[in-house]
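None of these values were measured; they are calculated from a predicted model. Atom set for the values below is all heavy atoms of this structure, side chains included, hydrogens, waters and symmetry mates excluded.
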Amino acid sequence: MRTRYIATFADTIRTDPVTLAREYLSARDATEHEFQTDEARSAYVDVLSALGCFQHRTAFARALAQFDVRPEAVDTTRQDNHLRPIAWSFGEGATFPGFTDDTNWNGFLNVRVPVSAWPYVLAELIDGADGDAETIEGYRRLGITDGLVCLSHGFTIHEVIPTWPSFFPDYAIDRMVPIPPEWSEMSWRHETAPSFGPCFGPMGEAAQIWIDYEQAAMREFPESARFTFSRRDAVGELTVAYAGDDYAEALGHIAIETLACAFAHGLAEQLDPDEWRQMRLRNQTIAAGVCASHDFLDANMVMLAAWQATRPPAIVGNGDADALGTDLAHVNAAWEVATRYYLTASDEAARFDTWRVTGRDVPSLAAAGHDLATIPPSDSAGRVYSAGFVRAHGTDWIVDVGNTSRSFDHLIDAEAHLWSVFASDECRYA
């Protein structure tokens, strides 16, 4: 008798696309079933197919692509070994895909790593070895069995529970690529693939990478790239910086963007609001290859600090200007991205910069009990204050909007968040 994934016919309306796909395949392929005739079974299969296509569309199609495989094509090695797919990390580092048999060493999980993820895991192990040649060589000698590298009895491994699998239940967790620890999850159930935010600009312009299904047939558009990395402008419009199937190439573009954002943030933190505004306006008409930031400070030192903070230790070395010179192509690429996309005023960026100059004059307005909109000078840009409050909290800044609060290390980040709330309201009522 076939396996039934849905108890009653009425439940088919409410079930998720993965369960619906399993029920469809079970009913379609069963040689022994509960239906009185093959015609009745075929009719039920047709209903499931129509329901899946109508209610879930691409999610149902992706689930079918994942489960509808020939028996001889199924790799049963991991099933036979009772291995459970998981996401895991060494504690505070990157999140990796892998498998576990749920055995432990001193309270830490034993895991096995897919060959595709092993170079990234090995790189993190080497970074943590403090240059010890014997330890590094031991890592390099770890063998591969059935396409997996075993990490057991000696590694401080923790299981990680990301949020994206709840939005994409048909996305196998062991097929996700390694995710750096500084990335934030940006996945949403109505999108076609999990996504992450590696960095953001001085107005909160979030860069974002979508990591589509490994199997092209499971993507909404099979011909689309697996990795799509985009940056946002001041009004949220996306520009694709990379689209392809090479994760290493995607990481290269993201590293450039991350340095560009760090450089822009460094300038925003060191320049006062009026200097920042003047710099971005001057960059609208300045000669190619020049940035007006040098009119106010030594921008090379700001770039050096950003480079030291964002590049791997193996590249940074002793962190001086000579070391930066060996990575000059990367630095120049980041400088061009920063100057073009973050350090030159667009119309919306100019409005934000003007508001910062004219609409902020009290360190802790909410704490003083004032409605921000009533604090002079109350020019037109000051209407953003109706969206919420900015208040000082020690060395941090807190933004209160509605019944939510967020803390920021730097005032410009707090102001950018408040501005984004204002801009969203402005668009809604335009």
Side-chain angles (χ1 to χ4, degrees), residues 163-164 167 179-180 182-212 224-244 249-269 276-277 279-281 283-284 291 306 310 333-356 384 387-388 399 401 404 406 408-410 412-428 430:
T163 59
W164 64 262
F167 297 144
I179 303 300
E182 62 272 14
W183 292 10
S184 59
E185 284 207 40
M186 297 182 69
S187 301
W188 184 241
R189 61 172 54 88
H190 297 303
E191 295 190 321
T192 60
S195 65
F196 303 86
C199 56
F200 58 92
M203 287 183 63
E205 310 97 318
Q208 192 167 359
I209 180 171
W210 284 265
I211 302 176
D212 219 324
S224 63
R226 187 181 184 198
F227 306 106
T228 302
F229 172 60
S230 300
R231 69 175 63 89
R232 282 180 171 80
D233 63 15
V235 294
E237 294 294 330
L238 288 167
T239 300
V240 175
Y242 173 80
E249 283 189 23
L251 289 176
H253 284 271
I254 290 172
I256 291 171
E257 196 79 24
T258 299
L259 177 54
C261 287
F263 175 52
H265 275 278
L267 291 174
E269 292 158 16
W276 172 262
R277 175 173 174 266
M279 175 199 68
R280 298 224 286 182
L281 289 174
N283 279 342
Q284 290 178 330
C291 178
T310 59
W335 185 89
E336 290 179 7
V337 169
T339 303
R340 179 176 179 182
Y341 295 104
Y342 301 118
L343 304 180
T344 300
S346 63
D347 290 345
E348 182 69 7
R351 293 178 66 216
F352 171 69
D353 294 344
T354 299
W355 167 68
R356 290 188 69 217
V384 68
V399 179
V401 176
T404 66
R406 286 188 59 182
F408 299 87
D409 293 335
H410 302 284
I412 187 172
D413 295 326
E415 292 169 330
H417 178 62
L418 186 62
W419 181 268
S420 69
V421 175
F422 155 69
S424 297
D425 287 343
E426 185 182 50
C427 291
R428 185 183 308 154

Measuring from atom [atom1] of [X] to atom [atom2] of [Y], what distance do you get when rounded to the nearest 0.5 angstrom?
X: E205; Y: E348; atom1: CD; atom2: CD; result: 10.0 Å
X: W210; Y: F196; atom1: CH2; atom2: CZ; result: 12.0 Å
X: R277; Y: T354; atom1: CZ; atom2: OG1; result: 4.0 Å
X: Q208; Y: S187; atom1: CD; atom2: OG; result: 8.0 Å
X: W335; Y: C291; atom1: CH2; atom2: SG; result: 6.0 Å
X: T310; Y: F263; atom1: OG1; atom2: CZ; result: 12.0 Å

Run the side chain to side chain contact (heavy atoms under 4.5 Å, CB included) check on F167 and E191 step by step: do they pass?
-> CA-CA 9 Å; F167 297 144; E191 295 190 321; over 6 Å; no

Report the C-alpha separation of L238 and R232 in whole Å, then their side-chain angles, then the decisive distance to 0.1 Å, and conclude whether the side chain to side chain contact (heavy atoms under 4.5 Å, CB included) test is met.
-> CA-CA 5 Å; L238 288 167; R232 282 180 171 80; 3.4 Å; yes

Can you name the side-chain contact (heavy atoms from CB on, under 4.5 Å) partners of [X], sequence neighbours left out?
X: A333; answer: I256
X: L251; answer: Y120, W183, Y247
X: Y341; answer: R231, V337

Start with the C-alpha gap between F227 and H253, add the side-chain angles, then the distance that decides, and say whether side chain to side chain contact (heavy atoms under 4.5 Å, CB included) holds.
-> CA-CA 11 Å; F227 306 106; H253 284 271; over 6 Å; no

Going by heavy atoms in the side chains, are D353 and L281 under 4.5 Å from each other?
-> no

Got F229 and E249 here, is their nearest side-chain heavy-atom distance under 4.5 Å?
-> no

Hey, what's the ring geometry for H417 with F408, parallel, tilted or perpendicular (30° and 60° as the breaks)?
-> tilted

May I have the step-by-step check of side chain to side chain contact (heavy atoms under 4.5 Å, CB included) for D413 and H265, ending in yes or no?
-> CA-CA 9 Å; D413 295 326; H265 275 278; 3.1 Å; yes

